[in-house]
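Data first, discussion second: the structure below is written as structure tokens.
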Number of protein chains: 2
Amino acid sequence: MRILGIDPGSRITGYGVIVKEGNRLVHVDNGAIFTDAAKDFPLRLQRIYRGLSEVIERYRPDVAALENIFFAKNVQSALKLGQARGAAIVAAVNAGLPVHEYSALQVKQAVVGHGKSAKIQVQQMLKVLLNLPEVAQEDASDALAVAVCHAHSFSLNALRRHAG
Amino acid sequence: MRILGIDPGSRITGYGVIVKEGNRLVHVDNGAIFTDAAKDFPLRLQRIYRGLSEVIERYRPDVAALENIFFAKNVQSALKLGQARGAAIVAAVNAGLPVHEYSALQVKQAVVGHGKSAKIQVQQMLKVLLNLPEVAQEDASDALAVAVCHAHSFSLNALRRHAG
């Protein structure tokens, strides 16, 4: 199963692609789409959409995973983040991918084993877990983390199905 | 010039298409895309994207106009609204339309002549202005209003250019 993790943002959108082969997780690619250069907000949204559509075209993932968001600094940043998120999700569903959402707590627990880890711990654990040459860029790292979280939940659900 | 007005929302997205011919405004169509039936939020966003893409395909507008949003009840509704808005804007820019944004004040002033009008006044004025058979559905009406606002701003800008 190929999993695309996405961490949408109005300035930087991270992505990470991993493959789950049995119990092994294999890193395929990770990166960030920078949209700062577009002054016009609608064009930023288009860059997110196009950038992710290209990633999906290139790696043909089976599923997309995002962290769900319930908090933001204020209404202003929630509106901006929401729009970036909308562009990202539409890119995934338009490509036929099911979209799964996980809480920040679920993501941290999946990667580090508990929910109270600092960002740098998550990044370093991902480096080990996915055998990365170096710690991934911050937003790409968040995207990889939610992809790993989906891989784990999928195994758990499969285990539950076998047990049940 | 054909103008598509959009009023995005996570449950209902209104749209309105008008043509500006010289100083005349002609109503082409208006309607609402209901997304409530989709339980899954990503599928709601896809319905917004697809619904608007179909409207654009059918009427081939030259430009899209939306009200800009700076307020929301809370961070939660801002995130939902933002995502709906992101899906709508991406539908417009992916179809090659320039996207213009206007404040609620600008929209009311363009339709009713002042910024303190009630929603029903705006709806009734649109009925007269565009010679509608009946008052449009609420979200479709908001979409028509921002289309009219764009038509007026466009005339003003053209006048200023001639004067300058």
Side-chain angles (χ1 to χ4, degrees), chain A residues 4 6 8-11 13 33 35 38-54 56 63-104 150, chain B residues 4 6 8-11 13 33 35 38-54 56 63-104 150:
Chain A
L4 168 65
I6 310 174
S10 62
R11 298 190 312 110
T13 290
I33 301 161
T35 55
K39 278 176 209 154
D40 200 15
F41 202 78
L43 293 183
R44 285 196 190 191
L45 299 180
Q46 192 178 33
R47 286 197 183 190
I48 294 171
Y49 182 93
R50 285 198 179 159
L52 288 176
S53 298
E54 279 168 26
I56 293 168
V63 59
L66 288 89
E67 207 173 276
N68 54 24
I69 306 287
F70 293 106
F71 302 105
K73 255 188 302 181
N74 52 47
V75 162
Q76 272 311 294
S77 35
L79 282 166
K80 276 191 194 164
L81 177 58
Q83 290 179 83
R85 217 177 137 72
I89 290 175
V90 166
V93 287
N94 276 1
L97 305 187
V99 175
H100 294 263
E101 297 187 87
Y102 298 94
S103 70
H150 179 75
Chain B
L4 167 65
I6 311 174
S10 61
R11 296 190 313 109
T13 290
I33 301 160
T35 54
K39 279 177 208 154
D40 199 14
F41 202 78
L43 293 183
R44 286 198 189 190
L45 299 181
Q46 190 179 34
R47 286 197 183 191
I48 295 172
Y49 182 92
R50 285 199 180 158
L52 288 175
S53 298
E54 278 169 27
I56 293 168
V63 59
L66 289 89
E67 208 173 275
N68 54 25
I69 307 289
F70 293 107
F71 302 104
K73 255 189 303 181
N74 52 48
V75 162
Q76 272 312 292
S77 34
L79 282 166
K80 276 191 193 164
L81 177 58
Q83 290 178 82
R85 215 176 137 72
I89 291 175
V90 166
V93 288
N94 275 1
L97 305 187
V99 175
H100 294 262
E101 296 186 87
Y102 297 95
S103 71
H150 180 74

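Below, chain A is the first sequence line, B the second, and so on; all start at residue 1.
- A:Gln46 pairs with exactly one of B:Ile89, B:Val99, B:Val93, B:Val90 by the side chain to side chain contact (heavy atoms under 4.5 Å, CB included) rule, that one being B:Val93.
- Between chain A and the residues B:Ala91, B:Pro8, B:Gly86, the largest count of heavy-atom pairs under 4.5 Å involves B:Gly86.
- Looking only at heavy-atom pairs under 4.5 Å with chain A, the residue among B:Ala87, B:Ala72, B:Pro42 that has the most is B:Pro42.
- In this structure, CG on A:Leu79 lies 14.0 Å from NZ on B:Lys80, to the nearest 0.5 angstrom.
- Proximity to chain B is absent for every atom of A:Phe41, based on heavy atoms less than 4.5 angstrom apart.
- When all heavy atoms are compared, the tightest approach of B:Asn94 to A:Tyr49 is ND2-CE2, 3.1 Å.
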